[in-house]
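Okay, so here's the structure we're looking at.
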Number of protein chains: 2
Amino acid sequence: MKNSPVDLHNLELDLDPGLTVSREDLLVDGSDAEFRAMVHDLLAFAARLEQIRARFGRFIGLSGVQYTILITIRQLQGENGVGAKAIAEHLAFSPPFVTTETTRLVRLGLVAKRPNPEDLRRVYLTVTDKGIALLTELAPVQQEINDLLFEPVTGDTFEMVRRMARDLRASSERAALLSEYLTDAGKEER
Amino acid sequence: MKNSPVDLHNLELDLDPGLTVSREDLLVDGSDAEFRAMVHDLLAFAARLEQIRARFGRFIGLSGVQYTILITIRQLQGENGVGAKAIAEHLAFSPPFVTTETTRLVRLGLVAKRPNPEDLRRVYLTVTDKGIALLTELAPVQQEINDLLFEPVTGDTFEMVRRMARDLRASSERAALLSEYLTDAGKEER
DNA sequence: TTTTCATTCCTTAATTAATTAGTTTTCAAA
DNA sequence: TTTGAAAACTAATTAATTAAGGAATGAAAA
């Protein structure tokens with residue numbers, strides 16, 4: 001629609017320099033409109049997930065992020081437990097926030113916090129039996145909501161969606177690192 | 001793993017009552033472990049998207065949410081503009097927060113806010129030419145990051161992922177309403 | 001009509017949530 | 001040892017929400 005300069009990476013196509021994505025696979029007739037619609041759908045989906053987690057939390061007397069932190073500890077705890085920093089990185093929260101919220105969960109008896117004997121700076125977080133029991137109370141209502149939430153995912157597509165979620169998570173972690181690098185570089189050249 | 005009661009909806013299977021999802025399509029050998037792993041992948045992906053938006057924002061002198069609100073106005077503005085409430089609902093922000101942030105964007109000259117002549121309570125938000133120009137400045141770095149971010153999406157799968165994102169957005173909106181209903185009901189019976 | 005009531009949209013004020021900045025302790029390397 | 005870095009925590013600040021309000025609309029009753 002605008003002028004038509006030659007893009008070094010796409011010599012055969014005249015692409016709009018204002019496009020938000022350049023890979024040909026993600027353009028339709030040289031337009032990123034479909035791609036952007038997808039991004040906004042994902043954005044709205046993520047916002048809805050957060051709303052629903054807030055509801056899950058409220059149902060068992062927690063805030064949305066407390067609930068999120070609780071299930072993330074359970075997911076990552078493994079044999080001995082998980083560190084505060086790993087939780088913060090997974091959820092993109094600041095470490096101090098994880099500290100205050102986990103301290104609150106410990107006070108509620110839902111999470112155990114003990115020092116890592118091999119490195120006394122670190123801490124092992126685990127979900128207590130009481131925490132597991134509380135999450136089990138939530139299960140019936142959670143089933144009903146999750147069944148509806150993922151209704152578009154069928155037996156035929158479940159494995160494919162699972163793989164796509166895993167791959168997108170990995171690529172998004174690389175992209176986050178790249179974005180940090182590129183925008184910091186942009187800062188310095190100013 | 002625990003006891004094995006009969007679930008009314010799954011008479012032929014003995015399902016763990018602590019499962020977070022009940023649809024057979026989403027269980028593997030009666031376990032929700034794969035489903036939960038997918039949910040945590042999506043959670044991490046959403047967190048990374050937010051980090052990247054914060055970087056995009058910083059690159060053009062905005063906060064992450066200011067950038068997000070700006071592109072959401074552009075996406076939803078249509079012919080005349082979009083209301084504050086629509087923006088708040090799309091992003092699951094509170095309306096007052098949208099007010100203060102859009103006021104700031106207006107002060108920066110990136111967004112225009114004018115009253116809706118057919119309903120003076122409402123407001124029309126649009127992105128100004130200056131706002132468009134600022135977003136265009138971002139495009140080159142954005143292309144590089146988006147290309148990497150969606151690397152797992154190929155020409156073969158783009159349409160399918162687009163459709164899945166659209167469908168999940170729709171089902172998540174229904175699930176958010178259901179969660180509101182179910183957890184409020186849970187409140188009253190207490 | 002017109003008046004009243006309930007609702008909606010946006011905004012301002014007060015409160016809570018989450019971050020950045022700064023300390024302490026520990027570990028690992030020189 | 002000592003230096004540097006890293007994990008978690010505390011304090012101070014900023015971000016975002018809930019609570020409260022003013023103004024406009026629409027519908028129902030007088």
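Numbers restart at 1 for each chain; the letters A, B, ... are given by sequence-line order, proteins then strands.
Taking the side-chain contact (heavy atoms from CB on, under 4.5 Å) definition, one finds that B:Ala46 meets it with A:Ala46, sequence neighbours left out. Partners of B:Arg174 by side chain to side chain donor-acceptor pair (under 3.5 Å), not counting sequence neighbours, listed by chain and number: A:Glu151. In terms of the salt bridge (charged side-chain N to carboxylate O under 4.0 Å, His left out) criterion, residue partners of A:Arg55 (sequence neighbours excluded) are, by chain and number, B:Glu180, B:Asp184.
Within residues 72-97 of chain A, the residues having any heavy atom under 4.0 Å from DNA chain D are, by residue number, A:Gly83, A:Ala84, A:Lys85, A:Pro96. Taking a 4.0 Å limit (strictly below) on heavy-atom distances, residues 99-123 of chain A reaches DNA chain C at A:Asp119, A:Leu120, A:Arg121. Listed by residue number, the members of residues 41-53 of chain B with any heavy atom below 4.0 angstrom from DNA chain C form an empty set.
Heavy atoms only, all atoms of each residue included: A:Phe59 and A:Leu138 are closest at CD2-CD1, 3.7 Å. The minimum heavy-atom distance between B:Leu108 and B:Lys130, with the atom names listed, is O-NZ, 3.2 Å. Heavy-atom minimum distance, A:Leu19 versus B:Ala139: O-CB, 3.6 Å. The heavy-atom pair separating A:Leu178 from B:Glu144 by the smallest distance is CD2-O, 4.0 Å. Contact record, A:Tyr124 with A:Pro115: CD1-O, 4.3 Å, taken as the closest heavy-atom pair. Summarising the geometry of B:Ser179 relative to A:Ile52, their closest heavy-atom pair is OG-CG1, 4.0 Å, with the distance given to 0.1 Å.
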Validation: residues 72-83 of chain A side-chain donor-acceptor distances under 3.5 Å, sequence neighbours left out:
from: A:Thr72; atom 1: OG1; to: A:Thr68; atom 2: O; distance (Å): 2.7
from: A:Gln77; atom 1: OE1; to: A:Val127; atom 2: N; distance (Å): 2.9

Identify every side-chain donor-acceptor pair in residues 33-41 of chain A under 3.5 Å, counting partners at least two apart or on other chains, and give the distances.
from: A:Glu34; atom 1: OE1; to: B:Arg162; atom 2: NE; distance (Å): 3.4
from: A:Asp41; atom 1: OD1; to: B:Arg169; atom 2: NH1; distance (Å): 2.9

Below 3.5 Å, can you tabulate the donor-acceptor pairs from side chains in residues 88-100 of chain B to any protein atom, sequence neighbours excluded?
from: B:Ser94; atom 1: OG; to: B:Phe97; atom 2: N; distance (Å): 3.4
from: B:Thr99; atom 1: OG1; to: B:Pro95; atom 2: O; distance (Å): 3.3
from: B:Thr100; atom 1: OG1; to: B:Phe97; atom 2: O; distance (Å): 3.0

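The span of DNA chain C lying next to chain A, judged by atoms under 4.0 Å from heavy atoms, is bounded 5' to 3' by C:dA18 to C:dC27.
Base-pairing analysis of DNA chain C finds the following stems of at least three consecutive Watson-Crick or G-U pairs, with both pairing distances under 3.5 Å: C:1-9 with D:22-30, C:11-13 with D:18-20, C:15-30 with D:1-16.
Sorted by first and then second residue, the pairs that involve residues 60-81 of chain A and meet ring-ring contact (aromatic ring centres under 6.0 Å, His included), not counting sequence neighbours, are A:Phe56-A:Tyr67.
Remark: B:Glu50 CD is loosely packed, at most 12 non-hydrogen atoms of other residues, nucleotides or ligands lying under 6.0 Å away.
Under the 4.5 Å side-chain heavy-atom criterion for Ile, Leu, Val, Met, Phe, Trp and Tyr, A:Ile145 and B:Tyr181 are members of the same hydrophobic cluster.
At a threshold of 4.0 angstrom between heavy atoms, the contacts of B:Val98 with the nucleic acid are absent.
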